[in-house]
Asker: 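Before anything else, here's the structure in question.
To find a chain, count down the sequence lines: A is the first, B the second, and so on, and within it residues start at 1. The structure displayed is predicted, hence computed values, not measured ones. Reckoned from all heavy atoms, side chains included, excluding hydrogens, waters and symmetry mates.
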Amino acid sequence: MKEKFYITTAIAYTSKKPHIGNTYEVILTDAIARYKRMRGYDVYFLTGTDEHGQKIQEAAESSGITPKEYVDKVAGEVKAIWDTFGATYDRFIRTTDDDHVAAVQGIFRKLYEQGDIYKGSYEGLYCTPCESFWTPSQLVDGKCPECGREVIKTSEEAYFLRLSKYADQLMKHIEENPDFIVPEMRKNEMVNNFLKPGLQDLCVSRSSFSWGVPVDFDNGHVIYVWVDALSNYITALGYTVDGCSEKYKKLWPADVHVVGKDIVRFHTIYWPIILLALGEPLPKKVLGHPWLLSGTDKMSKSRGNVLYGDDLAKQFGVDVIRYYLLSEMGFTDDGTITYENIIKTTNADLANVLGNLVNRTAAMIKQYFGGVIPEASEKNSDDVELFEQIDKYFAKALASFDEYKVADALKSVLEIFKCCNKYIDVTTPWVLAKDPEMKERLGSVMHNLVDGILRGAKLMLPIIPESAKGIFKIYGVDVPEDLSDDICFSGNVIDEVPILFARIDEKKMLSELMPKEDKKAEKKEKKAEEKAQKKAEKKEEEAPSEIEIGDFMKVKLTVGEILECEKVEKSDKLLKLIVDIETEKRQVVSGIAKFYEPNALIGKKIVLVSNLKPAKLRGVDSNGMILCSGEEDVRIVEIASDVPNGTGIR
RNA sequence: CGCGGGGUAGAGCAGUCUGGUAGCUCGUCGGGCUCAUAACCCGGAGGUCAUGUGGUUCAAAUCCCUUCCCCGCAACCA
């Protein structure tokens, strides 16, 4: 019987259409799934969408449709993109699926009944207009940091998961299974930042919005994302607290959860603890993959640098993008995507090395043997050398694949094709072709070449499935289902020699793509500007549009000179300043460390809000606020150097 | 001194665990070849392996220590 292999992606959040970075995760997972199938595993591949939460509720409201209508639309987009890239998932779960909802309610109830989830109160300081809770340390002068209004001490009922109870058990598991969290660096982050300092119980319900799985024994509460979304990995298989399906028994625990580095924490702390509480085994591995950056920046709508999978697939082709992403993305370091790099990689690896090899080999067989692939005779030293090299790289590729280091595996596969190209040069078939006595040798060379190409093509099947199938088709061979399948090709007839991967004319392609992109970027910029304006207008509306002169007079602004300035320890945003305002020397803490060197500020004349209630920042007293401009790029407001210290401003 | 990762040719990276000729891809320069998609094959130039004329060693990119810089996570952000 085949050994099972259960692999998952994180489920995509349906607040908006996924970009190519999100798509990478599915492609990576798909490549691993395809590889494992070819190694004889009975693979189950799960992906899907996370469809609950406040963000979605709001997005739906603003487009005037119901949340369900909204997520139906986005989930459809997600699925379409996954399908475009050939993801071979076995189930596409949606957290709005009935079976999932029922199972999650059961899980929540069970954990509550056994005391691992308890009802407590979310003690917080609540700002009603902002509908937000704040902790005491977040407050500004005891007021809402967003709007500056009074906050009310409120306690909202909420459910909490007892993380602390299972912390030791989880720690032990991580120590005993060094490969549980990979890469290792991510494991260290989790252990040092969360486990060692001690876990606080996690709030796992919300009552401030309704678009979620209802807590079925307490009206008004919905289950928050942790329990809802993470549980998909077991509910998808038919897990329920009242008994599990055969499928679940067979497939769980997962062999690997493939997730982005940003959500490693949820998958290596919260999720295992939920499972421990349920008494279920933990997944064997959590793979935290790096991010795909657009150029040097994180992909984000506000930067206008978002690339989408469906566009890229149209522009370059599915396999080109699959290959690019899988070869570019390392195991730990973030990768980048640019049109230029896609073109370079495609030309170098797919067109020049692989495509050209397949093409020239087929062309020679047509020319010298009328398209019939010849038999091989005895091997000479060149042949032995060729196959030794191929075997070596083949084994290397398998080893890398087994560790899920797909980019490394790809490198080894490419070496196989390079060996074949070199073999052609060494054996010089065009010379052999001129000598009728060398016909048999020429046949051997052609045979060996096809052999080598098809061995490499097998390993390409998980990476570029359609193109790799195309290679088998050219040589008239059925696509192998298992890596160990023997391939017979002697006597097969080659009739067509299509171009597998055409070289891309870089300049032409870029000029076709970039103008469009520029326009897009411009549009996006405009949109962003409009948005910012609207936001500003809104803020103005929120704050009274007119104030009494008396209100303004309440703020005491004073000219001061910076006498001393130094960084606040253990903080990268804060500077501690001593300001001379004539009557006294004030100590002020300001969050401008990113924008100014301490020494550069000494001697500057600035404006101080001198009657601001004192506060402590990072344990350091701050008596006032320095006026600054800007949000992202902050500058202090300077004043002419001949104004005496202590001068009031009105 | 919060924890962790890293600094190797113009760019991007491997090599470090297990010390012993510094390697790969792209670019660049030259040669070969003509089956092929201006492709393929070979060779050259280009590196004091961040720093310290540091320690250990017969031998250090590799192990230990110093200083500087970058990144991730956390914290913090009047």
Side-chain angles (χ1 to χ4, degrees), chain A residues 137-143 145 148 183-197 261-262 264-265 288 290-291 327-328 330 332-336 340-341 343-368 407-408 411-412 414-415 417-434 442 445-446 449 497-505 568-575 588-595 608-609 612-620 622-628 631 634:
Chain A
S137 66
Q138 285 175 310
L139 296 184
V140 180
D141 295 331
K143 291 180 184 169
E184 195 179 5
M185 171 188 151
R186 304 257 96 96
K187 174 176 88 180
N188 293 334
E189 285 174 1
M190 293 307 121
V191 170
N192 293 329
N193 290 325
F194 299 102
L195 253 17
K196 277 189 184 161
K261 62 179 184 179
D262 50 327
V264 166
R265 176 165 138 205
W291 273 342
S327 64
E328 166 65 21
T332 51
D333 294 332
D334 289 342
T336 63
E340 217 183 337
N341 284 346
I343 294 167
K344 283 214 164 91
T345 303
T346 304
N347 283 344
D349 293 354
L350 294 179
N352 294 353
V353 173
L354 174 57
N356 184 44
L357 169 67
V358 169
N359 190 249
R360 69 200 291 215
T361 302
M364 281 190 279
I365 293 171
K366 278 199 89 163
Q367 190 175 328
Y368 304 143
D408 291 346
K411 230 179 182 178
S412 296
L414 213 68
E415 289 298 328
F417 300 124
K418 286 185 180 183
C419 288
C420 293
N421 272 324
K422 187 167 182 175
Y423 178 76
I424 295 177
D425 234 67
V426 172
T427 54
T428 56
W430 51 92
V431 176
L432 299 175
K434 285 177 187 150
L442 180 62
V445 168
M446 291 302 117
L449 264 177
V497 187
I499 297 283
L500 199 60
F501 290 102
R503 272 184 68 85
I504 302 171
D505 184 332
V568 173
E569 272 180 46
K570 296 183 208 166
S571 160
D572 31 287
K573 292 205 177 158
L574 298 181
L575 290 181
V588 178
V589 178
S590 183
I592 51 174
K594 288 232 166 122
F595 310 98
L608 186 76
V609 181
L612 196 62
K613 207 169 166 185
K616 269 199 179 190
L617 301 173
R618 200 79 196 169
V620 182
S622 180
N623 307 301
M625 181 172 98
I626 291 175
L627 285 194
C628 289
E631 294 274 337
V634 176

Asker: Measure the distance from CD1 on I499(A) to C1' on A38(B) and round it to the nearest whole Å.
Answerer: 13 Å

Asker: Determine the interatomic distance between C1' on A75(B) and the same-named atom on U56(B); round to the nearest Å.
Answerer: 39 Å

Asker: Who passes side chain to side chain contact (heavy atoms under 4.5 Å, CB included) against A433(A), sequence neighbours left out?
Answerer: Y368(A), L442(A)

Asker: Please give me the minimum heavy-atom distance between P429(A) and V445(A), naming the atom from each residue.
Answerer: CG-CG1, 4.2 Å

Asker: Any chance you could list the contact pattern along nucleotides 25-35 of chain B? Use B for base contacts, S for sugar-phosphate-only contacts and - for none, protein heavy atoms under 4.0 Å, 5' to 3'.
Answerer: SS-----BSSB

Asker: Measuring only the P atom in each nucleotide, how far is U21(B) from C33(B)? A whole number of Å is fine.
Answerer: 35 Å

Asker: Using a 4.0 Å heavy-atom cut-off across all strands, classify N356(A) as base, sugar-phosphate, or nothing.
Answerer: base

Asker: If the P atom of G43(B) is compared with that of A9(B), how far apart are they to the nearest Å?
Answerer: 22 Å

Asker: In the structure shown, which nucleotide is the Watson-Crick or G-U wobble counterpart of A38(B), with both distances under 3.5 Å?
Answerer: none

Asker: With sequence neighbours left out, write down each residue that passes side chain to side chain donor-acceptor pair (under 3.5 Å) with N421(A), or none if nothing qualifies.
Answerer: R360(A)

Asker: For G4(B), what is the paired nucleotide under Watson-Crick or G-U wobble rules, both distances under 3.5 Å?
Answerer: C71(B)

Asker: Quick one: salt bridge (charged side-chain N to carboxylate O under 4.0 Å, His left out) partners of E189(A), sequence neighbours excluded?
Answerer: R186(A)

Asker: Could you let me know what G47(B) is paired to, Watson-Crick or G-U wobble, both distances under 3.5 Å, or none if it's on its own?
Answerer: none

Asker: Distance between the P atoms of C70(B) and U28(B), in whole angstroms?
Answerer: 32 Å

Asker: Expressed as a whole number of Å, how far does the P atom of G2(B) sit from that of C17(B)?
Answerer: 29 Å

Asker: Quick check against the 3.5 Å criterion: does N347(A) have a side-chain atom that pairs as donor or acceptor with the backbone of I504(A)?
Answerer: yes

Asker: If the P atom of U66(B) is compared with that of C73(B), how far apart are they to the nearest Å?
Answerer: 26 Å

Asker: Under the side chain to side chain contact (heavy atoms under 4.5 Å, CB included) test, which residues partner T332(A), sequence neighbours left out?
Answerer: P183(A)

Asker: Could you tell me how far apart N347(A) (CG) and A38(B) (P) are, to the nearest whole angstrom?
Answerer: 10 Å

Asker: Using the C1' atom on both, measure G7(B) against A50(B) and round to a whole Å.
Answerer: 5 Å

Asker: Got a sec, which residues hit side chain to side chain contact (heavy atoms under 4.5 Å, CB included) with E340(A), two or more places apart in sequence or on another chain?
Answerer: T338(A), K344(A), E506(A), L510(A)

Asker: Could you check P498(A) against E184(A) and say which one's nearest nucleotide on RNA chain B is further toward the 5' end?
Answerer: E184(A)

Asker: What pairs with D334(A) under salt bridge (charged side-chain N to carboxylate O under 4.0 Å, His left out), at least two apart in sequence or on another chain?
Answerer: K261(A)

Asker: By side chain to side chain contact (heavy atoms under 4.5 Å, CB included), which residues pair with L500(A), not counting sequence neighbours?
Answerer: L354(A), V358(A), I471(A)

Asker: For E340(A) and G12(B), give me the distance from atom CD to atom C1', rounded to whole Å.
Answerer: 13 Å

Asker: Looking at every heavy atom in both P290(A) and G330(A), which two are closest together, and how far apart are they?
Answerer: CG-O, 3.5 Å

Asker: Does N188(A) or G355(A) map to a spot on RNA chain B nearer the 5' end, using the closest nucleotide for each?
Answerer: N188(A)

Asker: Roughly how many Å apart are U25(B) and U34(B), using the C1' atom of each and rounding to a whole number?
Answerer: 26 Å

Asker: Calculate the interatomic distance between K196(A) atom NZ and A74(B) atom C1'; express it in whole Å.
Answerer: 14 Å

Asker: Under 3.5 Å between N/O atoms: give me all the protein pairs with nucleotides 69-73 of chain B, atom names plus distance.
Answerer:
{"from": "G72(B)", "atom 1": "O2'", "to": "R186(A)", "atom 2": "NH2", "distance (Å)": "2.3"}
{"from": "G72(B)", "atom 1": "O2'", "to": "E189(A)", "atom 2": "OE2", "distance (Å)": "3.1"}
{"from": "G72(B)", "atom 1": "N3", "to": "E189(A)", "atom 2": "OE2", "distance (Å)": "3.4"}
{"from": "C73(B)", "atom 1": "O4'", "to": "E189(A)", "atom 2": "OE1", "distance (Å)": "3.4"}
{"from": "C73(B)", "atom 1": "O4'", "to": "E189(A)", "atom 2": "OE2", "distance (Å)": "3.4"}
{"from": "C73(B)", "atom 1": "O2'", "to": "N193(A)", "atom 2": "ND2", "distance (Å)": "2.8"}
{"from": "C73(B)", "atom 1": "O2", "to": "N193(A)", "atom 2": "ND2", "distance (Å)": "2.9"}

